[in-house]
Amino acid sequence: MNVTICNNEATMTISTLGAEPQSLVMDGREYLWNGDRQYWFRRAPLLFPMIGPTLDDKIWHAGKEYAMPNNGFARDMEFALESREADKAVFVLEDTEETRRNNYPFGFVLRVTYTMVGAGYRARAEITAKDDLWYTFGWHPAFSLDINGKGTELETYTLNFEQEERLTRKYCVNGAFVFEKDFVVGDTLDLSRAETDKGPITLDDVRSEEITLTSSSGEHGVTATMGDMTTFTAWTCLGKKAQYICLEPMVSFGDTKREKEISKMKETKFLRKGESVTYENEFRIF
């Protein structure tokens, strides 16, 4: 089921499958990727409870093995629509007997709220622990490169950081990270297919509160806020010249070399039974 919310500047449609945004339109211009299966069928998934690959797509806890898809399973589950207003919708996902048995042995509530804010939206995720649990979380919206005209090249786009950065880039080769020191030095990063075809551009320890995508070919772009997150990834599918770039604030990004036991992964966060944590990010379009 799709749910539409709007304000006087933009309109957004969200699917209950994965609580995934499907469309974001302002002045007749579509900002989100269209999900063309020739390239990548998703549009703006959320990532929970794991980000990045694990060895053999498995995790372990207390001596038991569980299947864990790359980037977690929440994006492929049906959320309940808890409430809806003209400019706001709330979606809820809870653990099931199947998730506890096969994928993730913890009880949880994941409540996701999308609220229209000016020209764009605020994405809010509240994770509540029914048991002691370990998790990661992130957003993965894909924005169309065609916002500045059909066929606008990726090479015309730049990521603009709010402040000066000195950042190491990491990306996966056969599931394991390769590191490029000083990949970002300063407050801009020019995008290119040569770099995105290597894999995700993942940057840890980002200090900037905002990262803005702009193009030399037009006046339209997107600003992503980092909130309480310090890892940022820019990604598009490898070798296909797809017309999108993902802007992904996230808690962390791991590879297949991480610990198998989820409680020992340096990338995971811990929540004690009964505790909650909230992540809130904005994606503003212009």
Side-chain angles (χ1 to χ4, degrees), residues 18-19 42 45-77 79 92-112 125-140 167-181 199-206 226-233 235 246 248-279 281:
R42 302 186 193 271
L46 56 81
L47 313 181
F48 175 85
M50 194 62 51
I51 298 180
T54 56
L55 185 63
D56 298 325
D57 294 328
K58 306 285 186 183
I59 61 169
W60 287 75
H61 182 63
K64 185 176 178 181
E65 180 183 83
Y66 298 88
M68 180 59 66
N70 183 37
N71 287 337
F73 54 78
R75 61 184 182 175
D76 294 314
M77 295 189 70
F79 282 62
V92 178
L93 178 69
E94 297 194 47
D95 61 282
T96 66
E97 181 180 348
E98 183 178 357
T99 63
R100 292 191 302 272
R101 181 176 64 249
N102 297 330
N103 306 113
Y104 186 64
F106 310 115
F108 68 88
V109 180
L110 173 59
R111 179 171 283 102
V112 177
E126 180 185 25
I127 303 164
T128 301
K130 297 180 183 178
D131 307 303
D132 289 359
L133 62 77
W134 291 261
Y135 74 94
T136 61
F137 182 84
W139 308 105
H140 198 312
L167 301 171
T168 296
R169 182 243 183 120
K170 62 185 184 184
Y171 60 94
C172 286
V173 175
N174 297 324
F177 283 141
V178 172
F179 297 87
E180 295 184 28
K181 189 176 180 181
I201 297 172
T202 298
L203 308 168
D204 290 328
D205 303 318
V206 174
M226 294 298 292
D228 293 329
M229 299 175 177
T230 57
T231 294
F232 178 82
T233 294
W235 174 82
C246 294
E248 309 172 43
M250 53 181 59
V251 171
S252 63
F253 192 118
D255 67 355
T256 58
K257 297 298 184 182
R258 68 178 112 187
E259 293 280 350
K260 293 193 301 182
E261 164 60 50
I262 191 171
S263 65
K264 295 181 179 179
M265 294 179 185
K266 64 181 178 62
E267 294 85 2
T268 56
K269 302 292 186 180
F270 175 67
L271 273 182
R272 194 171 300 281
K273 180 179 179 179
E275 291 182 339
S276 297
V277 65
T278 298
Y279 298 101
N281 303 77

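In this chain, numbering begins with 1 at the start of the sequence shown. Bear in mind that the values here come from a model prediction, so they are computed numbers and not experimental data.
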Are Pro200 and Cys172 side-chain neighbours, meaning at least one heavy-atom pair lies under 4.5 Å? no
Is the count of non-hydrogen atoms from other residues, nucleotides or ligands lying under 6.0 Å from Asp228 atom CG greater than 12? no
Kindly compute the distance separating CD1 (Ile51) from OG1 (Thr268), expressed to the nearest 0.5 Å. 11.5 Å
Just verifying a value: how many Å separate Ile262 CD1 and Ile59 CD1, rounded to the nearest 0.5 Å? 4.0 Å
Holding to side chain to side chain contact (heavy atoms under 4.5 Å, CB included), I want the full list of residues that pass it with Val178, two or more places apart in sequence or in another chain. Tyr171, Val173
Could you check Trp139 against Val112 for side chain to side chain contact (heavy atoms under 4.5 Å, CB included), going step by step and ending with a plain yes or no? CA-CA 11 Å; Trp139 308 105; Val112 177; 4.0 Å; yes
Would Arg272 and Asp131 count as a salt bridge (Lys or Arg N to Asp or Glu O under 4.0 Å) here? Give the steps. CA-CA 7 Å; Arg272 194 171 300 281; Asp131 307 303; over 6 Å; no
Just say parallel, tilted or perpendicular for the rings of Phe106 and Trp134, cut-offs at 30° and 60°. tilted
Name all residues meeting the side chain to side chain contact (heavy atoms under 4.5 Å, CB included) criterion together with Lys273; count only those two or more places apart in sequence or in a different chain, and write none if there are none. Asp132
Can you find a heavy atom in the side chain of Phe137 that is under 4.5 Å from one in the side chain of Pro249? no
Examine the side chains of Glu261 and Ser263 and answer whether a donor and an acceptor come within less than 3.5 Å of each other. yes
Does either side chain, that of Ser252 or that of Thr136, offer a donor lying less than 3.5 Å from an acceptor on the other one? no
With a 4.5 Å limit on heavy-atom distance, are the side chains of Leu110 and Tyr135 in contact? no
Is a side-chain N or O of Asn71 found less than 3.5 angstrom from the main chain of Leu47, in a donor-acceptor match? no
Should the pair Asp204-Arg169 be classified as a salt bridge under the 4.0 Å nitrogen-to-oxygen rule? no
Just by distance, do the side chain of Thr99 and the backbone of Asn103 share a donor-acceptor pair under 3.5 Å? no
Between Ala74 and Leu93 the two heavy atoms that sit nearest each other are CB-CD2, 3.8 Å
Between Met229 and Gly138, which heavy-atom pair has the shortest distance, and what is it? CE-CA, 4.4 Å
Taking side chain as C-beta onward, heavy atoms only, is Leu55 less than 4.5 Å from Glu259? no
Begin with the C-alpha distance, continue with both residues' side-chain angles, and end with the deciding distance and a verdict on side chain to side chain contact (heavy atoms under 4.5 Å, CB included) for Met50 and Met265. CA-CA 11 Å; Met50 194 62 51; Met265 294 179 185; 3.9 Å; yes
Taking atom CG of Asp56 and atom OG1 of Thr256, what is their separation to the nearest 0.5 Å? 8.5 Å
A side-chain contact here means heavy atoms from C-beta on lying under 4.5 Å apart; do Leu167 and Val206 qualify? yes
Evaluate the side-chain proximity of Tyr279 to Glu126: yes if any heavy-atom separation is below 4.5 Å, no if none is. no
Answer whether the closest heavy-atom distance between the side chains of Phe177 and Thr202 falls below 4.5 Å. no
Check this for me, if you would: do Lys130 and Glu94 make a salt bridge, where the nitrogen-to-carboxylate-oxygen distance has to be below 4.0 angstrom? yes
With side chain to side chain contact (heavy atoms under 4.5 Å, CB included) as the test, would you mind laying out the steps for Thr233 and Met250 before giving the verdict? CA-CA 8 Å; Thr233 294; Met250 53 181 59; 3.6 Å; yes
Before we go on, tell me: are the rings of Phe108 and Phe48 under 6.0 Å apart, centre to centre? yes
Nearest heavy-atom approach of Asp255 to Gly175 is CB-O, 3.2 Å
Is the shortest heavy-atom distance from the side chain of Arg75 to the side chain of Arg42 under 4.5 Å? yes
NZ on Lys264 to CD on Glu267, rounded to 0.5 Å: 14.5 Å
With Tyr104 via side-chain hydrogen bond (donor to acceptor under 3.5 Å, both in side chains) - residues at least two apart: none
Could you measure the distance from the OG1 atom of Thr54 to the CZ atom of Arg258? Nearest 0.5 Å is fine. 6.5 Å
Walk me through whether Thr231 and Leu203 qualify under side chain to side chain contact (heavy atoms under 4.5 Å, CB included). CA-CA 6 Å; Thr231 294; Leu203 308 168; over 6 Å; no
Taking all heavy atoms of Pro53 and all of Asn70, pick out the closest pair and write down the distance. N-OD1, 3.0 Å
Minimal non-hydrogen separation, Lys170 against Phe253, with atom names: NZ-O, 3.1 Å
Scanning both residues in full, the closest heavy-atom pair of Thr128 with Ser276 reads OG1-OG, 2.7 Å
To the nearest 0.5 Å, tell me how far Phe79 CZ sits from Leu46 CG. 4.5 Å
